[in-house]
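In what follows, a structure is listed as structure tokens, so that the remarks can point back to it.
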Amino acid sequence: MVTNLPAEAKAKWVKVMEAKTPEEKLKALMEFLSAIPKHKGTENLVRQVRRQIAILRREIEEKKRTKRRGGGPKFFVEKEGAAQIVILGLTNSGKSTLISTLTNAKPVISDIPYTTQTPVVGMMPYEDIQFQLVEAPALIEGASEGVAWGLKTIGLARNADAILILLDASNNPISQLKVILRELSNARILITKPKGRVEIERRSSGGIQIAIMGKLVNATLDDVRLLLHSYRIYHALVKIYGEVSLSDIEDAIYENAVYKPAVIVLNKIDLIDKNSIKALINRIRGIVGTDIPVIAVSAIKGIGLKELGKILFEITGIIRVYTKQPNDDKPSDRPLILRKGATVLDAAKAIHSALYKRFKYARVWGPSAKYPGERVGGDHILMDRDILEIHVKK
Ligand SMILES: Nc1nc2c(ncn2[C@@H]2O[C@H](COP(=O)(O)OP(=O)(O)OP(=O)(O)O)[C@@H](O)[C@H]2O)c(=O)[nH]1
Ligand SMILES: [Mg+2]
């Protein structure tokens with residue numbers, strides 16, 4: 001939504017963008033808020049800014065508190081394996097049970113609410129790779145506004161590669177789902193793929209450059225320039241992927257929406273009858289659409305979990321590439337993990353910067369090769385299970 005803010009308010013937003021510390025940012029946000037005219041057209045923006053203020057206040061408070069205590073429990077989980085998947089659900093939905101069925105982790109499982117208070121991490125094997133599962137402490141209503149440890153749980157979801165939404169089928173799963181969707185949406189974590197994507201790289205010179213890899217809808221390049229100028233952004237590279245409107249670009253200036261692929265897992269189906277399972281799945285699909293996979297499982301009995309690895313593989317868009325030295329017969333057993341659309345040069349970069357810098361050509365065997373050992377250039381797009389041999393300049 002393009003809000004048509006007065007110049008004064010936009011100027012205040014520049015101050016928010018330039019703030020270096022959370023304290024500065026909080027002050028700038030408050031000034032921005034008071035400069036926004038309050039009417040129907042700015043309602044959403046006002047709500048968003050109030051939320052940001054609440055979050056920042058909380059963070060500043062937390063920081064002071066942990067300083068006094070000398071550091072609290074660690075909530076950031078370093079990524080390992082092919083992708084990091086955060087298990088998000090209300091308390092007692094069975095998050096700990098699920099992670100202990102699927103991985104080597106041994107968290108406490110209990111009927112007592114809020115048993116898990118710090119992230120639990122485990123590795124889940126799938127074919128020749130592993131997913132890192134992270135049980136986030138239970139999501140609570142108001143999490144995105146800073147209730148209790150809510151922001152930490154949201155932070156885990158924001159940092160993950162994908163989100164597993166866990167629902168307790170025996171305890172009002174639809175209203176659980178609604179709470180979770182509301183919190184995610186408040187926190188600007190999108191689980192349905194937006195039609196387009198905007199990246200804005202601020203620069204020190206060169207004016208506003210716009211690279212359109214997709215389509216700009218209902219706006220001209222000059223509209224984009226004017227919009228950025230109105231925020232006093234005069235030098236930037238704006239990259240547009242997919243279908244993007246002017247308000248998507250304004251959203252990107254406020255830089256807070258992220259997209260995370262998701263799967264919905266309906267747990268404890270051993271407690272309800274078959275017909276209710278079907279009905280629930282249909283209702284869930286009615287709410288989230290058909291792009292998000294939904295499965296029904298019993299974490300305690302290990303029922304329905306077989307498909308999960310494949311689903312995680314698909315939603316995270318992983319491909320595996322097996323590299324091989326020019327003189328070896330066999331590629332490595334351990335695949336290189338890349339994302340769909342990755343090129344030979346992306347692979348080279350991921351292996352070693354020297355391979356990338358001195359890249360000459362490559363040979364490919366497998367799904368992306370026209371014939372075994374096809375000679376390809378750096379922009380060749382790889383596919384899952386390709387074998388890759390990189391040749392460098394001497
Ligand atoms: N019948 C049944 N009970 C389950 C299933 N999964 C979990 N439970 C039970 O649900 C209760 C809560 O399970 P936990 O795995 O501790 O739930 P949690 O989501 O980790 O809960 P907190 O960490 O406290 O937020 C326990 O009594 C589990 O035994 C299941 O598939 N079927
Ligand atoms: Mg738990």
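The structure presented is a predicted model; accordingly, all values stated were derived computationally and were not measured. The first residue of the sequence shown is numbered 1, and numbering continues consecutively from there. Order of listing sets the numbers, starting from 1, for every ligand and every atom in it.
The number of heavy-atom neighbours closer than 6.0 Å to NE2 of H352, taken from other residues, nucleotides and ligands shown, is 12 or below.
When the heavy atoms of S96, S100, G302 are ranked by distance to atom 20 (O) of ligand 1, first place goes to S96. The residue among I269, N267, V108 with a heavy atom at the shortest distance from atom 6 (N) of ligand 1 is N267. Considering each of K95, K268, E135, the one bringing a non-hydrogen atom nearest atom 4 (C) of ligand 1 is K268.
For ligand 1, the atoms lying closer than 4.0 Å to a non-hydrogen atom of T97 are 6 (N), 7 (C), 13 (O), 14 (P), 15 (O), 28 (C). Under a 4.0 Å criterion applied to the non-hydrogen atoms of L271, ligand 1 contributes the atoms 1 (N). Here is the list of ligand 1 atoms found below 4.0 Å of a heavy atom in T115: 22 (P), 23 (O), 24 (O). Atoms of ligand 1 found under 4.0 Å from any heavy atom of Y114 (numbered from 1 in listed order, with element): 24 (O). Atoms of ligand 1 lying under 4.0 Å from at least one heavy atom of A138, given by number and element, are 25 (O). For ligand 1, the atoms lying closer than 4.0 Å to a non-hydrogen atom of D111 are 11 (C), 26 (C), 27 (O). For ligand 1, the atoms closer than 4.0 angstrom to any heavy atom of D270 are 1 (N), 2 (C), 30 (C), 31 (O), 32 (N). In the vicinity of I112, heavy-atom distances shorter than 4.0 Å reach the ligand 1 atoms 24 (O).
For the 3.5 Å distance criterion, the side chains of Q132 and E80 fail to qualify, holding no donor opposite an acceptor. Side chain to side chain, S298 and D270 meet the donor-acceptor criterion of an N or O pair below 3.5 Å. The closest side-chain donor-acceptor pair between T343 and D379, if any, does not fall under 3.5 angstrom.
Y114 and W149 have perpendicular rings, their planes meeting at more than 60° on a 0 to 90° scale where under 30° would count as parallel.
In the hydrophobic cluster analysis, where Ile, Leu, Val, Met, Phe, Trp and Tyr join through side-chain heavy atoms closer than 4.5 angstrom, V263 is grouped apart from I277.
The distance criterion of under 3.5 Å between nitrogen or oxygen atoms is met by A299 with respect to ligand 1. The distance criterion of under 3.5 Å between nitrogen or oxygen atoms is met by G94 with respect to ligand 1. For the pair I109 and ligand 1, the shortest N or O to N or O distance does not fall below 3.5 Å. Between K301 and ligand 1, no pair of N/O atoms sits closer than 3.5 Å.
Minimum-distance N/O/S atom of E135 relative to the Mg ion (ligand 2): OE2.
Residue, atom and distance of the protein heavy atom nearest to atom 16 (O) of ligand 1 are S110 N, 3.1 Å. In terms of protein heavy-atom proximity, atom 23 (O) of ligand 1 is closest to T116 OG1, 2.9 Å. In terms of protein heavy-atom proximity, atom 29 (O) of ligand 1 is nearest to I300 CD1, 3.5 Å. When only non-hydrogen protein atoms are considered, atom 21 (O) of ligand 1 lies nearest to N92 N, 3.0 Å. Summary of contacts: the protein heavy atom closest to atom 22 (P) of ligand 1 is T91 OG1, 3.5 Å.
Partner of R320 under the salt bridge (charged side-chain N to carboxylate O under 4.0 Å, His left out) criterion, out of D128, D333, D386: D128 alone. Among R375, K324, Q325, the one residue that satisfies the side chain to side chain donor-acceptor pair (under 3.5 Å) test with E389 is K324.
Using a 4.5 Å cut-off on side-chain heavy atoms (C-beta onward), V297 and I303 make no contact.
Metal site remark for the Mg ion (ligand 2): T116 contributes an N, O or S atom at a distance under 2.8 Å. Metal site remark for the Mg ion (ligand 2): S96 contributes an N, O or S atom at a distance under 2.8 Å.
The existence of a salt bridge linking E127 and K310 is excluded, since no basic side-chain nitrogen approaches an acidic carboxylate oxygen closer than 4.0 Å. A salt bridge is defined here as a Lys NZ or Arg NE, NH1 or NH2 lying under 4.0 Å from an Asp or Glu carboxylate O, and K370 with E374 meets this definition. Comment: K239 engages E201 in a salt bridge, judged by a side-chain N to carboxylate O separation of less than 4.0 angstrom.
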Requested in this report: For the pair E23 and K25, evaluate salt bridge (charged side-chain N to carboxylate O under 4.0 Å, His left out) and give the outcome as yes or no after the intermediate values.
Outcome: CA-CA 5 Å; E23 288 80 3; K25 191 159 184 177; over 6 Å; no
Report task. Go through E199 and R197 one step at a time and tell me if the salt bridge (charged side-chain N to carboxylate O under 4.0 Å, His left out) criterion holds. Result -> CA-CA 7 Å; E199 279 172 26; R197 185 161 58 86; 2.4 Å; yes
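Counting heavy atoms closer than 4.0 Å to ligand 1, residue S170 contributes nothing at all.
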